[in-house]
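Below is one structure, written out as structure tokens, with a few remarks after it.
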Amino acid sequence: MRRTAAPRRWTGHSALRALVLAASALYFLLPLMAMLEFSTRGTTGRSLESWRAIGSTPAMLAGIRISLTQAVLTTALVLGLLVPTTAWVHLRVPQLRRAMELVCLLPLTIPAIVVVVGIADLYAWVTYLLGDSPLTLTFAYGVLALPYAFRAIDNGLSAMDLRTLAEAARSLGASWTTVLLRVMVPNLRVALVSAASLTMALVLGEFTLASLLNFDNLQVEINVIGKRDAGLSVAVALASMIFAFVVLFVLGFIGRRLPSTTSDDDVPAAVREEITS
Amino acid sequence: MTHLQMSGLGKAFGGVRALDSFDLDIAAGEFVSLLGPSGCGKTTALRIVAGFESADRGRVVIDGQDVTRLTPDRRDIGMVFQAYSLFPNMSAAGNVEFGMRLRGVAPRRRRDRAGELLDLVGLAAHGGKYPHQLSGGQQQRVALARALAIEPKILLLDEPLSALDAKVRVNLRGEIRRIQKDLGITTLFVTHDQEEALAISDRVGVMSEGRMEQLDVPATVYREPATPFVAQFVGVTNALLGSIEGSHVVVDGSRVPIQEARSYRQGAKVRLLVRPEEVHLAEADGNEMSAHSAKILATVLTNSFLGPVSRVTVRLDTGEGQLVLADMPSPEGGGFAPGQQVLVELRLRRPMLVER
Ligand SMILES: Nc1ncnc2c1ncn2[C@@H]1O[C@H](COP(=O)(O)OP(=O)(O)O)[C@@H](O)[C@H]1O
Ligand SMILES: [Mg+2]
């Protein structure tokens with residue numbers, strides 16, 4: 001009796017689920033398919049002309065390279081700063097947690113255009129000291145990514161008995177660095193992956209700051225080239241989106257991997273390097 | 001085998017004095033329990049020994065070496081916490097190996113040793129399991145194995161059993177004691193459970209408000225409490241209201257001869273601390289009544305069978321109708337029925353008075 005009843009309920013659920021899934025897939029995929037259609041339009045029939053042009057447009061390649069580097073640097077900067085700081089606040093000065101949260105959430109409430117006005121003067125100095133590489137945007141992006149990264153890491157730290165774990169490790173002979181790398185980071189993996197994903201997605205899609213501060217990155221190039229060659233710009237936009245999906249998927253896969261016995265390989269190499277350097 | 005000395009330890013949190021001139025000297029290989037109500041400073045004492053908290057005053061000396069200023073990672077102290085503290089990302093064996101790995105023990109040796117230790121705590125077959133796959137009792141066993149793996153000079157246990165079921169608790173405390181004896185490791189054990197402390201310790205230190213009230217072998221702490229606090233905290237105690245009359249305490253009209261009464265002023269109001277096993281009940285036959293008798297007429301309220309004794313609650317018939325607990329040996333103790341009139345006699349071994 002129960003055996004026959006259960007699957008029927010399941011089918012009802014599944015149908016609803018499939019419907020919702022299909023609707024959202026349509027909503028997300030339709031524009032992407034339109035982009036694909038547009039970027040493969042030739043003078044006669046389909047053509048991969050625009051896609052091939054990516055490889056032969058140096059400005060576009062540069063934009064891609066810059067944005068990728070920015071994404072990696074920003075992620076490293078944000079995780080490297082936030083993980084030890086948030087952990088320290090949780091462990092030693094929990095009464096400052098609210099204040100830290102407030103500061104980290106500020107960038108959400110300030111419109112990008114206002115940030116630019118405030119940050120422009122500062123960037124005169126950054127340019128003076130570090131040169132005018134677009135990679136210096138890493139600092140600004142680090143600030144923009146704070147709200148998302150903080151939330152993820154803060155949640156991750158709150159979910160474990162950080163103090164007891166840290167003290168257990170300390171009594172077993174661990175230095176603070178070891179506590180951070182072998183106890184906190186491995187148990188924060190899911191949080192770190194989501195912080196990293198959000199940061200990367202944010203940087204890869206960033207246009208306003210770069211454009212207003214006169215730096216070239218992927219989105220700026222897409223915009224510039226789009227005015228000249230719409231097909232190429234749409235192809236790159238689509239490619240960058242697919243790329244971002246792949247990055248998020250890979251990171252998500254790392255995050256969901258089952259924990260292993262040894263703690264050493266629990267630390268993503270990038271994170272370990274960042275934190276020790 | 002290590003000798004642990006704590007002398008003159010003081011620690012305040014804001015206005016709260018968590019520890020106050022706290023002294024404790026633990027001999028090599030000895031098992032000492034700190035017993036006291038919640039908030040009396042037991043954990044603080046332990047955390048100062050481990051180095052997680054710095055003392056405002058006083059010193060911690062391990063085998064003649066002053067470690068007061070040493071960080072926790074340099075003290076070689078094994079600690080088992082009240083909260084579950086296994087690293088969630090490591091298997092049971094991984095947890096046990098953690099300290100050895102930090103000390104650069106070779107992988108093969110590390111694995112062998114972890115296996116031995118897991119065997120010692122009865123979890124030989126569970127090395128590959130992760131903390132979330134283990135029960136609370138098993139997790140605390142692994143935590144014990146992990147603490148022992150670094151061959152610590154001192155073992156500290158902060159209410160490691162308090163989150164466990166009664167049965168598991170009793171089993172595990174016995175095992176902790178067995179392992180401690182086998183290894184001869186100097187151990188400081190914290191609990192608020194007097195039975196636990198009395199059952200497994202070489203000596204018990206009873207604490208109150210950051211101070212050591214009494215430190216002695218369990219039997220002495222129980223039979224000869226040094227202070228009224230100890231008398232009332234350890235074991236079950238009747239605190240009978242009375243007043244001083246010469247060398248007697250008058251409890252509800254009956255005069256109980258007590259030498260110590262002389263040191264109180266005449267008429268002073270006191271509480272007389274009496275263990276249930278010091279209260280003797282006899283059937284009342286109506287003849288014993290006399291003003292100078294130490295016996296008090298009372299009525300039985302309840303009688304519960306506790307195995308070796310029956311705990312009888314009686315209400316004194318005169319005065320304020322105080323309740324008194326009496327432990328009468330089985331099987332005679334079972335004979336007292338609710339409503340029955342009895343004579344209460346105090347057969348005091350070690351009378352103790354508290355002024356009220
Ligand atoms: N980190 C702390 N901050 C403020 N007060 C504390 C802290 N640790 C302990 N205390 C206070 O010190 C006293 C002793 O605490 P504790 O040593 O934990 O007692 P116990 O372990 O005997 O229950 C308590 O009043 C407690 O509130
Ligand atoms: Mg405590």
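Atoms considered below: every heavy atom in the structure, side chains included; atoms not considered: hydrogens, waters and symmetry mates. Here is how names work: the chains are called A, B, and so on, in the same order as the sequence lines, proteins then strands, and each is numbered from 1.
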Does any heavy atom of chain A fall under 4.5 Å from the side chain of [X], the backbone, both, or neither of them?
{"X": "B:Arg103", "answer": "side chain"}
{"X": "B:Ile77", "answer": "backbone"}
{"X": "B:Ala83", "answer": "both"}
{"X": "B:Leu86", "answer": "backbone"}

When you look at [atom1] of [X], are more than 12 heavy atoms from neighbouring residues, nucleotides or ligands closer to it than 6.0 Å?
{"X": "A:Arg151", "atom1": "CZ", "answer": "no"}
{"X": "A:Arg97", "atom1": "CZ", "answer": "yes"}
{"X": "B:Arg74", "atom1": "CZ", "answer": "no"}
{"X": "B:Phe13", "atom1": "CZ", "answer": "yes"}

> Checking side-chain contact (heavy atoms from CB on, under 4.5 Å) for the pair B:Asp73/A:Trp176: CA distance, chi angles, key distance, verdict?
Replying inline: CA-CA 9 Å; B:Asp73 53 329; A:Trp176 277 116; over 6 Å; no
> Is any side-chain heavy atom of A:Arg182 less than 4.5 Å from a side-chain heavy atom of B:Phe87?
Replying inline: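 Answer no - side chains too far apart.
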> Side-chain contact, heavy-atom cut-off 4.5 Å: A:Ser175 with B:Thr71?
Replying inline: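 No - every pair of side-chain heavy atoms lies 4.5 Å or more apart.
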>> Within this structure, what is the CZ-CE distance for the pair A:Arg170 and B:Met79, rounded to the nearest 0.5 Å?
In response: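 Result: 13.5 Å between the selected atoms.
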> How close do B:Ile150 and A:Leu172 get, heavy atom to heavy atom, and via which atoms?
Replying inline: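 Result for this residue pair: CG2-CD2, 3.9 Å.
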> Which heavy atom of B:Phe52 sits nearest a heavy atom of A:Glu167, and at what distance?
Replying inline: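 Between these two residues, the closest heavy atoms are CZ-O, 3.2 Å.
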> Taking B:Ser85, B:Ala147, B:Pro152, B:Gly78 one by one, which has the highest count of heavy-atom pairs under 4.5 Å against chain A?
Replying inline: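 Among the listed options, the one with the most contacts to chain A is B:Ser85.
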> What residue, out of A:Thr164, A:Asp161, A:Asn187, A:Thr178, has the most heavy-atom pairs lying under 4.5 Å from chain B?
Replying inline: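 With the most close heavy-atom pairs to chain B, the winner is A:Asn187.
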>> Between A:Ser171 and chain B, with a heavy-atom cut-off of 4.5 Å, which part of the residue counts as in contact: side chain, backbone, both or neither?
In response: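 Backbone plus side chain of A:Ser171, per the 4.5 Å heavy-atom cut-off to chain B.
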